[in-house]
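The structure under discussion appears below in the form of structure tokens.
Position 1 is the first residue of the sequence; numbering continues from there.
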Amino acid sequence: QLVESGGGLVQAGGSLRLSCAASFSTFSSYAMGWFRQAPGKEREFVGAVSWNGFTIYNTESVKGRFTISRDNAKNTVYLQMSSLEPEDTAVYYCAAGSLHMARTVAEYDYWGPGTQVTVSS
């Protein structure tokens with residue numbers, strides 16, 4: 001089970017840190033991804049972190065503003081978001097998968113319920 005937290009309402013230019021807590025003991029062996037879905041749009045890849053901390057990002061969308069990290073001792077993955085823009089408004093999901101550096105929804109096996117992030121202008 002995955003559960004996201006940390007979402008909320010923030011003004012443009014602000015920051016938020018999302019957390020995703022995993023309840024399965026094999027968390028450290030999974031790649032973890034972050035996705036987001038805005039109303040009326042498809043779920044979009046934000047970034048991912050491998051089991052040992054290597055990261056990739058959807059650079060077109062996040063433009064160096066987001067940072068993903070993980071703490072395997074706490075079974076938690078984080079998404080630090082800064083310089084937020086109204087276009088970042090979406091439900092943010094974390095996901096766990098066994099494929100290294102996967103970028104698509106279909107490549108992830110487990111999903112959290114999501115957390116809403118709203119950025120006001």
Side-chain angles (χ1 to χ4, degrees):
Q1 182 182 7
L2 299 170
V3 178
E4 303 92 342
S5 62
L9 174 65
V10 63
Q11 288 188 332
S15 299
L16 278 177
R17 188 176 81 155
L18 306 184
S19 300
C20 171
S23 61
F24 43 94
S25 59
T26 54
F27 170 81
S28 62
S29 66
Y30 282 90
M32 298 299 298
W34 283 98
F35 290 77
R36 66 186 183 184
Q37 188 166 19
K41 295 187 177 181
E42 293 186 353
R43 196 166 295 190
E44 175 188 43
F45 174 73
V46 173
V49 57
S50 69
W51 66 273
N52 60 351
F54 183 79
T55 53
I56 58 171
Y57 298 94
N58 181 345
T59 54
E60 182 175 346
S61 293
V62 304
K63 305 168 188 174
R65 300 177 294 124
F66 292 6
T67 302
I68 297 173
S69 60
R70 67 188 296 162
D71 186 337
N72 288 337
K74 295 182 178 180
N75 279 16
T76 302
V77 62
Y78 304 97
L79 177 64
Q80 177 68 49
M81 305 184 293
S82 61
S83 302
L84 284 162
E85 305 167 351
E87 293 74 22
D88 295 316
T89 295
V91 177
Y92 283 72
Y93 299 90
C94 70
S98 56
L99 297 177
H100 182 65
M101 298 291 100
R103 293 176 176 264
T104 68
V105 170
E107 293 175 295
Y108 286 86
D109 303 310
Y110 306 102
W111 292 83
T115 185
Q116 176 71 47
V117 172
T118 303
V119 184
S120 63
S121 58

Does the [X] side chain pair with the main chain of [Y], one donor and one acceptor, at a distance under 3.5 Å?
X      : Y      : result
Tyr108 : Ala102 : yes
Glu4   : Thr115 : no
Thr76  : Lys74  : yes
Gln37  : Ala90  : no
Ser29  : Thr26  : yes
Arg36  : Glu44  : no
Thr89  : Val119 : yes
Ser50  : His100 : no

Do Arg17 and Tyr78 meet the cation-pi criteria used here (NZ or CZ under 6.0 Å from the six-membered ring centre, within 45° of the axis)?
->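 Positive - Arg17 is close enough to the ring of Tyr78 and near enough to its axis.
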
NZ or CZ of Arg70 within 45° of Phe27 ring axis and under 6.0 Å =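 The answer is yes; both the distance and angle limits are met.
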
Nearest-0.5 Å distance, [atom1] of residue [X] to [atom2] of residue [Y]:
X      : Y      : atom1 : atom2 : value
Cys20  : Asn75  : SG    : CG    : 10.0 Å
Glu107 : Leu99  : CD    : CG    : 5.5 Å
Glu85  : Ser121 : CD    : OG    : 12.0 Å
Ser82  : Leu16  : OG    : CG    : 10.5 Å

Take atom CZ in Phe24; do more than 12 heavy atoms of anything else shown fall under 6.0 Å from it?
-> yes

Check whether more than 12 heavy atoms from other residues, nucleotides or ligands sit under 6.0 Å from atom CH2 of Trp51, and answer yes or no.
-> no

Checking side-chain contact (heavy atoms from CB on, under 4.5 Å) for the pair Gln80/Ser15: CA distance, chi angles, key distance, verdict?
-> CA-CA 8 Å; Gln80 177 68 49; Ser15 299; 4.1 Å; yes

Under the side-chain contact (heavy atoms from CB on, under 4.5 Å) criterion, do Tyr92 and Met81 qualify, and how do the steps go?
-> CA-CA 11 Å; Tyr92 283 72; Met81 305 184 293; 3.8 Å; yes

Indicate if Phe54 and Trp34 have the same hydrophobic cluster label, given that clusters are the connected sets of ILVMFWY residues with side-chain heavy-atom separations under 4.5 angstrom.
->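 No; Trp34 is not reachable from Phe54 via cluster members.
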
Does one hydrophobic cluster hold both Met32 and Val91, with members joined at side-chain heavy-atom distances below 4.5 Å?
->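 Result: no, two separate clusters.
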
Nearest atoms (heavy-atom pairs only) where [X] meets [Y]:
X      : Y     : answer
Val62  : Phe66 : CG1-CD2, 3.3 Å
Arg65  : Leu84 : NH1-CA, 3.8 Å
Ser120 : Leu9  : CB-CD1, 4.3 Å

Passing candidate, side-chain contact (heavy atoms from CB on, under 4.5 Å) with Leu18, options Val77, Val46, Ile68, Leu79 | Leu79

Tyr93 and Phe35 aromatic centres sub-6.0 Å | no

Does the gap between the ring centers of Phe45 and Tyr57 come in under 6.0 Å?
->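 Aromatic pair excluded; centres sit 6.0 Å or further apart.
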
Step-by-step side-chain contact (heavy atoms from CB on, under 4.5 Å) determination, Arg43 to Trp111 | CA-CA 12 Å; Arg43 196 166 295 190; Trp111 292 83; 3.4 Å; yes

